[in-house]
Amino acid sequence: PSSAASDVYKRQCIYIGFEFYYTNGNLAFPLDDSWIHLTFAKNFSDGFIFQYNPGEFTTGSTSPLWVIILGILFKIFPYHIFLSIFLSFVFFLLSVIYTYKISLLIFKNLKFENYEFLSVMSGILLILNGRFNWASLSGMETTMFAFFCLISVYSYLNKPDEKIKISIFLALASLSRPEGYLLSLIILCYDIIKNKKFNSQLFIGIIIYLILVLPYPIFSKIYGGSFTPNTFEGQGGFLRVIPDFNYLRIIGIYFFRDNLITGLLWILSFIFFVFNFKNFRSQLNIYIVIFLWLFLLPIFSSILIPNWRHHSRYTIPLTPFLTIVAVYTFNFIYINFLKDKKFRFNKIKYFFYIILFLNIPYYFVYAFNIGLNTSNINDQQVKIAKWVSENIDSNTGLAVNDIGAIGYYTDNKLIDMAGLITPELFDYRKLEMQEGLDSLESLYKRNNVGYVIIYDHWFPDFLEKRKDNLEYIKSEKLKINTICGGEEMKIYKYNYQSK
């Protein structure tokens, strides 16, 4: 495992190499959201806690812990872009280590033959996973959330009586991503059902968890009007009666693309779970938490916020758990269907090598993707941000629908046309069109908005009704768009009409 972990550094150089090739040597981000986190963290380090526009509290971040950690580190090491990417990579490496440790714990407990080999396979499958590598250099909280989920599960499986430590790790997972609430609920319910009691240690653990987690939802309620961050409503989040089956289909496609065999094993494991539920309860209870987390998160997401954008990055933290389940399921097939037919394990090892080989195509696909994605963000959004910084007075407000790079490179006050830091826009969308547009213009006036920077196809009604107010200035158009919200982002000067 140590040699495999050290090999991660060499493999990451491949991804950095592709990024440098497509960006002419510029270390940067493959997502606008990375720049949003960076802006929150930069402002945090300057004393503007959870403020995108200094002086205005907002709940536009879904990862308060990521903002806090970066904000503190920026005080010590003010190389923002490098530090964000390096931290993503560190949590990637920790995730690989704990994937191995969880596999070792489970497979040894279940008395699997060659459990060490199987555990190493789980770790290497993660090392070679293209999407997880992409996330490791994204400057996002994705790998941090994966790590805190892994260490929470490991702590619970290894020493379930240490409720306080487990609660702290679960709280850190929940502060990394709101999906951590679901993992916390799974472990809590499972622990109560398994032990059939609610002892004082569990009660103290719950109190500690709530003390750590509740401040941000309360902050969100005060400044955003909801216990969830603004991003929930901004990305189409609401409770659906029927799951979005198209979302589940696309999630499945991503898992199959990562690796055809592990994708098949993921489906087989679901069938195995359904038909062996009694065995899970009586014999395999050390494994059931992982299984529930792996399958319940996509189901809950399909009901609440079925968003598969950016290479389905919200499901990337499930990748370590999927590798564990896939290796377990493969070994189950060997034990129950192949072992009695005189298939020796040293021959079965070659099947694992084939599985590893199938990771390679999309490992390189995402190496290309991180280069192309970063190039897109640089060539469009970063270019526009730097043009704004050089050509528009900092006292002039801007209405923007991708706020990340512009928020980082300029000091202008921003109105977020997507609503992530400007939740008033969610209310305007519920009004009749003319009333909503009038309310929007009133918001512009209050904030001295002089320019609108948008993708046209996002706001056709606004462009149609306010075409006399908008004066085209310039745009940045991509030849091949792989990640941005549109091929062409335009800058308009907004002229207020006298009535």
Exercise for the section: Mark yes or no for whether N447, through its side chain, and V449, through its backbone, hold a donor-acceptor pair below 3.5 Å. Expected result: no

Completion exercise
Distance col, row I151:CD1 vs Y98:OH, nearest 0.5 angstrom, shows 4.0 Å

Completion exercise
Which of I192, I166, D161, N195 passes side chain to side chain contact (heavy atoms under 4.5 Å, CB included) with L202? It is I192

Exercise for the section: Check the pair Y79, F86 against side chain to side chain contact (heavy atoms under 4.5 Å, CB included), reporting the backbone distance first and the verdict last. Expected result: CA-CA 11 Å; Y79 298 96; F86 178 74; over 6 Å; no

Practice task
Flag the pair F198 / I206 as yes when at least one side-chain heavy-atom distance between them is below 4.5 Å, and no otherwise.
Solution key: yes

Problem - Backbone of Q51 reached by a side-chain donor or acceptor of N43 within 3.5 Å - result: yes

Practice task
Please report the closest heavy-atom contact between N230 and F426, naming both atoms and the distance.
Solution key: O-CZ, 3.5 Å

Exercise for the section: Of all the heavy-atom pairs spanning S84 and L70, show the shortest one and how long it is. Expected result: OG-CD1, 3.7 Å

Handout entry: Aromatic centroids of W66 and F40 separated by under 6.0 Å
Key = no

Problem - Any donor-acceptor N/O pair, W134 side chain to H311 backbone, under 3.5 Å - result: no

Practice task
Return yes if some donor-acceptor pair links the side-chain N/O of K163 with the main-chain N/O of P160 below 3.5 Å, else return no.
Solution key: yes

Exercise for the section: For the residue pair Y209 and S184, confirm or rule out a side-chain donor-acceptor distance under 3.5 Å. Expected result: yes

Practice task
Determine whether N448 and K413 make a side-chain contact, defined as any pair of heavy atoms from C-beta on separated by less than 4.5 Å.
Solution key: no

Exercise for the section: Can you see which heavy atom on L297 is nearest to which on Y314, and at what distance? Expected result: CD2-O, 4.4 Å

Practice task
Taking the side chain as every heavy atom from C-beta outward, state whether E116 and F107 have any pair of such atoms under 4.5 Å apart.
Solution key: no

Problem - Backbone of T422 reached by a side-chain donor or acceptor of D416 within 3.5 Å - result: no

Problem - F169 and Y154 aromatic centres sub-6.0 Å - result: no

Handout entry: Side-chain donor-acceptor contact under 3.5 Å, D244 with S302
Key = no

Practice task
For this output row, return yes or no: ring centroids of H80 and F74 closer than 6.0 angstrom.
Solution key: yes

Problem - Residue pair V213 / S174: nearest heavy atoms and the distance that separates them - result: CG2-CB, 4.0 Å

Handout entry: Donor-acceptor pair, side chain of D411 and main chain of S394, under 3.5 angstrom
Key = no

Problem - Check: Y223 and F50 side chains under 4.5 Å, non-hydrogen atoms - result: no

Completion exercise
d(I324 CD1, T99 OG1) to nearest 0.5 Å is 5.0 Å

Completion exercise
CD1 (I81) and CG (L27) are apart, to the nearest 0.5 Å, by 6.5 Å

Fill in the blank from the handout: Between I403 and D32 the two heavy atoms that sit nearest each other are N-OD2, 3.7 Å

Problem - Enclosure of F219 CZ (heavy-atom neighbours >12, cutoff 6.0 Å) - result: yes

Exercise for the section: Taking the side chain as every heavy atom from C-beta outward, state whether L318 and W293 have any atom pair closer than 4.5 Å. Expected result: yes

Handout entry: F91 and T142, any side-chain heavy atoms less than 4.5 Å apart
Key = no

Handout entry: Identified side chain to side chain contact (heavy atoms under 4.5 Å, CB included) counterpart of F147 within the set V90, L94, L93
Key = L94

Practice task
Look at atom CD1 of I242 and say whether more than 12 heavy atoms of other residues, nucleotides or ligands are closer to it than 6.0 Å.
Solution key: no

Problem - Six-ring centre of Y254, R257 cation under 6.0 angstrom, axis tolerance 45° - result: yes

Practice task
For side chain to side chain contact (heavy atoms under 4.5 Å, CB included), just list the numbers for I168 and I208, CA-CA rounded to whole Å, side-chain angles, deciding distance to a tenth of an Å, and then say yes or no.
Solution key: CA-CA 7 Å; I168 291 172; I208 291 173; 4.0 Å; yes

Problem - 4.5 Å side-chain heavy-atom contact, I290 and I102 - result: yes

Handout entry: Approximate separation, where rounding is to 0.5 Å, of I204 CD1 and I207 CD1
Key = 9.0 Å

Practice task
Find out whether Y52 and L420 are in side-chain contact, i.e. whether some heavy atom of one side chain is under 4.5 Å from a heavy atom of the other.
Solution key: no

Completion exercise
When rounded to the nearest 0.5 Å, the distance separating CG of L172 from CG of L65 is 6.0 Å

Completion exercise
For S136 and S88 the tightest heavy-atom approach is O-CB, 3.1 Å

Exercise for the section: Find the distance between CD1 (I421) and OG1 (T58) and round it off to the nearest 0.5 Å. Expected result: 6.0 Å

Exercise for the section: Give a yes or no on whether the backbone of S220 and the side-chain of T59 come within a donor-acceptor separation of less than 3.5 Å. Expected result: no

Problem - Geometric class of the Y444/F462 ring pair [parallel <30°, tilted 30-60°, perpendicular >60°] - result: perpendicular

Exercise for the section: State, without any angle test, whether T62 and R177 hold a side-chain donor-acceptor pair at a distance under 3.5 Å. Expected result: yes

Practice task
Test side chain to side chain contact (heavy atoms under 4.5 Å, CB included) on F321 and L150 and set out the steps.
Solution key: CA-CA 8 Å; F321 298 95; L150 286 163; 3.6 Å; yes

Exercise for the section: Please assess H310 against S138 for the test side chain to side chain contact (heavy atoms under 4.5 Å, CB included), listing each intermediate value before the final yes or no. Expected result: CA-CA 11 Å; H310 302 154; S138 67; over 6 Å; no

Exercise for the section: Verify the ring-centre separation between Y15 and Y363: is it less than 6.0 angstrom? Expected result: yes

Problem - N259 backbone acceptor or donor facing N359 side chain under 3.5 Å - result: no

Practice task
Would you check if the side chain of N401 reaches a backbone N or O of M417 as a donor-acceptor pair within less than 3.5 Å?
Solution key: no

